[in-house]
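Read through the structure below, which is laid out as structure tokens, and then see the notes.
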There are 2 protein chains.
Amino acid sequence: MTIKDVAKYSGVSITTISRVLNNHPDVREEVRAKVLKAIEELHYVPNSSARDLGKMQTDTIGVVVRGVGNPFLNSVLHAIEKEVSRADYSMVMHQIGSNEDELAEGASLVRSKRLKGLIFLGGRFDYTPEQIATLGVPFVCCTYTNTFGSLKKTAYSSVYIDDYAEAFRAVKTLTDLGHKKIAVLLGTTDDHSISELRFKGYCDALKSAGIVLDKDLIIEAKSFNIDDAFKAAESFLKKGKDFTAIFSIADAMGIAAIKALHTVGLNVPDDCSLIAIDGIQVSKYTIPTLTTLVQPSKQMGTRAVEVLLNVLKDECGSCQLKLETALREGGTLAKPKA
Amino acid sequence: MTIKDVAKYSGVSITTISRVLNNHPDVREEVRAKVLKAIEELHYVPNSSARDLGKMQTDTIGVVVRGVGNPFLNSVLHAIEKEVSRADYSMVMHQIGSNEDELAEGASLVRSKRLKGLIFLGGRFDYTPEQIATLGVPFVCCTYTNTFGSLKKTAYSSVYIDDYAEAFRAVKTLTDLGHKKIAVLLGTTDDHSISELRFKGYCDALKSAGIVLDKDLIIEAKSFNIDDAFKAAESFLKKGKDFTAIFSIADAMGIAAIKALHTVGLNVPDDCSLIAIDGIQVSKYTIPTLTTLVQPSKQMGTRAVEVLLNVLKDECGSCQLKLETALREGGTLAKPKA
DNA sequence: AGGAAAACTGAAAACGTTTTCAGTTTTCTG
DNA sequence: CAGAAAACTGAAAACGTTTTCAGTTTTCCT
């Protein structure tokens, strides 16, 4: 059942069928109706491979995601998928690991699947314009703050929160309560730019509160994974350092921290306050409830797709969209003990 | 950069390039090496649209998933994606909501995307052979027990745990400890067959322990969502029923239950024991750690793909693969108070 | 060494679309 | 009503692969 059969059946050329299929304006209404009827009667469905080959593009956008285990990224990812299919596009997801390069993986994905555009989700993105040019398709960076690296802010599209400022805000919440000895729980800064940026926010918030950075209070987990975060927190606690609060750069890591604190008999928030960034669903159900800056994950995904589709349509330059977090007050905050 | 360029560059015909690309045996080792080198040097990536068109198939499999919010399904989904791309296939995911029909959605997906096969993940699957025949491609049911409905067990492929038996086992753990008043926390049984099956396991475990089912101890949440589970648990607790344990049919719901219990001042496990099924990562970090029957989510995804690919390759009938859970002992189990 | 089989190779024809471009109608204008 | 513009249509050439089939080598056997 091909376009040829439809052509024969309805007595017009395949060109005309193609035109009807693609909503070209220059086909008589009467003919269009006839063709549509034929398509209906023959249950014809266009072959998308042939279509893509003819068009030299695919109506497919790719999502390169680093660290799919992360519940927050999952939420964004699903929002992306929903929006993509709402727009009658397809999505392919490509998971990358810690030793893989987002741009290289993205480029190969684009070439092999003939993607129209790309979304980078949850990793690092620090490339030169020349490197970026190799991609050949528009893209949107999602969950990265694009305020660093060798690229100008306007060089590419992004949908993001200001990781630096939000981290600053989180830590300021702690200093405002009177905390001086604030630890920070980080993922590796190798893969994830947010780790670096949020750490910077932490540093500057301390500084602006007149607190000197204590390197002993930096807890760096091997990854963003909750298991790694727990291990890191555990071994930090064993050292018996003096501290009254923890800033966790991600909810999942914060959950691990609560558990680790509990394991060594420290009470949250009496012995240790805790604040995180992300706002994943499950962190509403920790005991006590995690206080966190909630990122609008669904909106982030939806907007990323919108931005990409706009760029594709208008061939316009780029677009930066900054979203805001909202404080979700849980029960992990208290004044430091005297 | 097409196959033609590679042919010219390496001095052989495009046919030979194609053969190398597809691992045909009849190409001299020396030539193969030369071609591979050329491919490498030119950074050539085959055009998958053209490839699909030539082959008349797509090397794409679809995943129809109900309830993507669920962390367990997410884990399976990512395992599927990994295995699919490891096999040089592509995956398209299709999320469906509560008022959508898996088979209908699957069928339309197959037609429009020319899919080679389908995986159904996390919902209900109860169709007649005639309905199934409309699909036209092989498929695997994942996370459904195929021991009910109008179909014979061997009518289609599946990778699953025995939801009934595992639920039985979970509840037996509670009755063995001496619990008599055991509540069950369910998702809706409309969309999700596992809810129904695990509930059956609960009922029969009670019966075999000589306990009469108390309908007042059935907590049915509106969905599998953690928020809905919390609401359901909360309103159940308000009623002040007498019970000493809860069997939660999913980890996420169990986490909600712990929180709800804590909110009304009940201690886990002293006042109420708790056991669940799923074994998602975060449930290792609840306080106390959730005791649960861990489903091998990664394996489940991987195997589902393997089974599907085998069926596709051999055109053989079908294959049922039952996986086992493993008890992860946390701290939510205790003998009932005297 | 000679012939046959086996191993390899490439030209050309698919695959089912879209797109270009050269028509052919129809409609409009004065 | 002639001529030009606009509206429509179709033949044929892409698009980048795979596959078929007819060669051409090489290897093996006597």
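In what follows, chains carry the letters A, B, and so on, assigned in the order in which the sequence lines appear, proteins first and then strands, with residues in each chain numbered from 1. Keep in mind that the numbers below use all heavy atoms, side chains included, and drop hydrogens, waters and symmetry copies. Note that the structure is predicted; figures quoted are calculated from it, not measured.
Between E30(A) and K34(A) there is no salt bridge, since no side-chain N of the basic residue sits under 4.0 Å from a carboxylate O of the acidic one. Salt bridge status for E40(B) with K37(B): absent, with no side-chain N to carboxylate O gap under 4.0 Å. Ionic pairing of D52(B) and R114(B) is not present here: no N-O contact between side-chain nitrogen and carboxylate oxygen is shorter than 4.0 angstrom.
In this structure, K113(A) atom NZ and dC15(D) atom C1' are separated by 19 Å, rounded to whole Å. Atom NZ of K8(B) and atom C1' of dA11(C) are 16 Å apart (whole Å). If you measure from atom CG of D59(B) to atom P of dT17(D), you get 14 Å, rounded to the nearest angstrom. As a whole-Å value, the separation of M1(B) CE from dG16(D) P is 11 Å. Look at CZ on R114(B): it is 9 Å from P on dG16(C), rounded to the nearest Å. Separating the CG atom of L53(B) from the P atom of dT17(C) is a distance of 9 Å, rounded to the nearest angstrom. Rounded to an integer number of Å, the gap from NZ of K55(A) to P of dG16(D) is 16 Å. Regarding N47(B), its CG atom lies at a distance of 17 Å from the P atom of dA14(D), rounded to whole Å.
Picking from dT18(D), dC15(D), dT17(C) the nucleotide with the shortest atom distance to the side chain of T2(A) gives dT17(C). Proximity note for P46(A) (side chain, C-beta onward) versus dT17(C), dG10(C), dC15(C): the nearest is dT17(C).
Between the side chain of S18(A) and the backbone N or O of I14(A), no donor-acceptor pair lies under 3.5 Å.
When both distances must be under 3.5 Å, the Watson-Crick or G-U wobble mate of dC28(C) is dG3(D). Pairing partner, dA22(D): dT9(C), with both Watson-Crick or wobble hydrogen-bond distances short of 3.5 Å.
Taken residue by residue, residues 13-32 of chain A places heavy atoms nearer than 4.0 Å to DNA chain D at S13(A), T15(A), T16(A), R19(A), D26(A), V27(A), R28(A), V31(A).
F120(B) and F139(B) have perpendicular rings, their planes meeting at more than 60° on a 0 to 90° scale where under 30° would count as parallel.
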### Task
Dump the intermediate steps for ring-ring contact (aromatic ring centres under 6.0 Å, His included) on F72(A) and F224(A), then the final yes or no.
CA-CA 11 Å; F72(A) 171 73; F224(A) 274 42; over 10 Å; no
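Side chains of S297(A) and S75(A): a donor on one and an acceptor on the other come within 3.5 Å.
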